[in-house]
2 protein chains.
Amino acid sequence: MQTLGFNGFSYADIAGELGISKATVHHHFPTKAALGHALLERYSDNFRGALASIDMSNSEAPQKLDRYVEFYRDVLVGNRLCLCGMLAAEYSTLSKPMQDSVRHFFDANETWLAGVINQGRRAGALQFCGSVEDVARMLLGALEGAILLARPYNDVKRFLSAARLALAGLKDTRRAASASRQRRVPRARAETV
Amino acid sequence: MQTLGFNGFSYADIAGELGISKATVHHHFPTKAALGHALLERYSDNFRGALASIDMSNSEAPQKLDRYVEFYRDVLVGNRLCLCGMLAAEYSTLSKPMQDSVRHFFDANETWLAGVINQGRRAGALQFCGSVEDVARMLLGALEGAILLARPYNDVKRFLSAARLALAGLKDTRRAASASRQRRVPRARAETV
DNA sequence: GTCTATAGGCAGATAGAC
DNA sequence: GTCTATCTGCCTATAGAC
């Protein structure tokens with residue numbers, strides 16, 4: 001689903017990959033919509049767990065955002081898209097339950113991002129114009145778009161560069177300026193992305 | 001293609017829409033790959049023409065970027081995606097000629113954006129960290145992602161808000177700050193799903 | 001250029017044995 | 001749970017008349 005899309009894979013693909021028959025797959029997931037919905041829910045649960053693990057680290061906002069970006073990078077290296085980014089493109093062809101789950105995934109990510117961004121603003125680590133919710137949405141869109149555009153070029157650096165720049169707009173102005181001068185330095189420091 | 005995706009529409013859809021037979025469509029476009037490629041090339045040509053018309057206006061960089069954003073907004077209002085954003089998601093399932101055309105579209109957009117951004121920086125209207133090319137790619141990704149995420153919510157305001165914020169990171173700091181104070185007015189948000 | 005008719009294949013899905 | 005066999009339908013694509 002993350003590579004070929006929901007409309008691009010078939011029961012035969014799964015059966016072939018696992019060395020079982022199509023009928024066996026149907027036994028576990030009667031319809032393709034049920035199969036897609038189950039995979040989508042599992043993906044969403046895993047993502048929620050990953051966000052919770054970031055929260056438990058009690059890091060500052062910039063570090064949390066860096067780890068968030070790493071999730072997307074890890075998805076890309078397998079020639080995959082964020083599952084919900086893929087399904088957002090195919091949205092019009094999806095069943096109602098899948099459509100609802102896709103929106104719920106985005107809602108959860110926006111809410112989490114808004115919380116982190118708010119934390120960063122209160123701590124003085126992030127600075128921006130506009131509401132926290134709007135910034136969270138912009139950021140989510142920028143990451144989904146960056147991974148979408150990086151894949152045709154099979155170039156993870158495109159994604160990382162775009163992600164870093166999208167975050168740079170939120171960093172404190174003076175820090176961002178100094179970070180840009182030494183932006184070739186790996187992501188060890190707090191100010192770099 | 002822009003609504004259902006390349007793998008989501010069929011010859012029957014086109015024939016039904018036009019009130020002709022499937023065989024007639026095949027007469028003009030023998031294979032689906034040829035049909036998709038022709039539509040893709042037409043879309044790319046139209047976009048190139050639109051960019052040229054912006055250039056002929058001799059506007060300043062921020063105005064050019066605003067008009068660029070309007071193109072994407074106009075696409076979204078018809079429940080459509082940027083064709084190449086859609087095809088980027090389905091990239092792995094496309095024919096080689098279509099894959100090449102998709103990348104060429106992104107290359108052309110990045111080149112055009114880089115030119116405008118460079119113009120804005122020289123004029124002092126835009127300010128940012130990183131190379132012009134990287135900023136152009138970030139911006140293209142942010143717009144593609146913003147339109148991708150706005151569609152499930154059928155909410156053009158989501159796109160416009162994200163696009164404005166993505167551009168805000170490039171505006172001159174003082175201008176951006178004053179602009180953000182004025183933009184606090186339109187806060188009404190009716191989320192229809 | 002357009003049509004009807006149809007080929008050939010693969011899709012999602014089901015029946016029923018083991 | 002897994003299999004073979006099969007159904008039904010839609011898909012892309014072609015043949016050939018008008």
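Letters A, B, ... mirror the listed sequences (proteins, then strands); counts begin at 1.
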> Does B/Ser21 put a side-chain nitrogen or oxygen below 4.0 Å from OP1 or OP2 of C/dC3?
Replying inline: yes
> Rounded to the nearest Å, what distance is computed from the CD1 atom of residue A/Ile20 to the C1' atom of nucleotide D/dT4?
Replying inline: 15 Å
> What is the distance from CD1 of B/Ile14 to P of D/dC11, rounded to the nearest Å?
Replying inline: 11 Å
> Is the ring centre of A/Tyr11 less than 6.0 Å from the ring centre of A/Phe29?
Replying inline: no
> What does nucleotides 10-18 of chain C look like as a protein-contact string, B for base, S for sugar-phosphate only, - for none, at under 4.0 angstrom between heavy atoms?
Replying inline: -SBBBB---
> In chain order, what residues pass the side chain to side chain contact (heavy atoms under 4.5 Å, CB included) check against A/Asn79, with sequence neighbours excluded?
Replying inline: A/Thr3, A/Arg151, B/Ser92
> Any side-chain heavy atom of A/Met1 within less than 4.5 Å of one from A/Leu4?
Replying inline: no
>> Give me each pair satisfying salt bridge (Lys or Arg N to Asp or Glu O under 4.0 Å) with a member in residues 80-91 of chain B, each pair once, sequence neighbours excluded.
In response: none
> Can you check whether B/Ser101 reaches B/His37 side chain to side chain, under 4.5 Å on heavy atoms?
Replying inline: yes
>> Within the structure provided, determine whether A/Ser53 and A/Arg67 are in side-chain contact (heavy-atom separation under 4.5 Å).
In response: yes
>> Using OP1 and OP2 only, check whether a side-chain N or O of B/Thr24 sits under 4.0 Å from C/dC3.
In response: yes
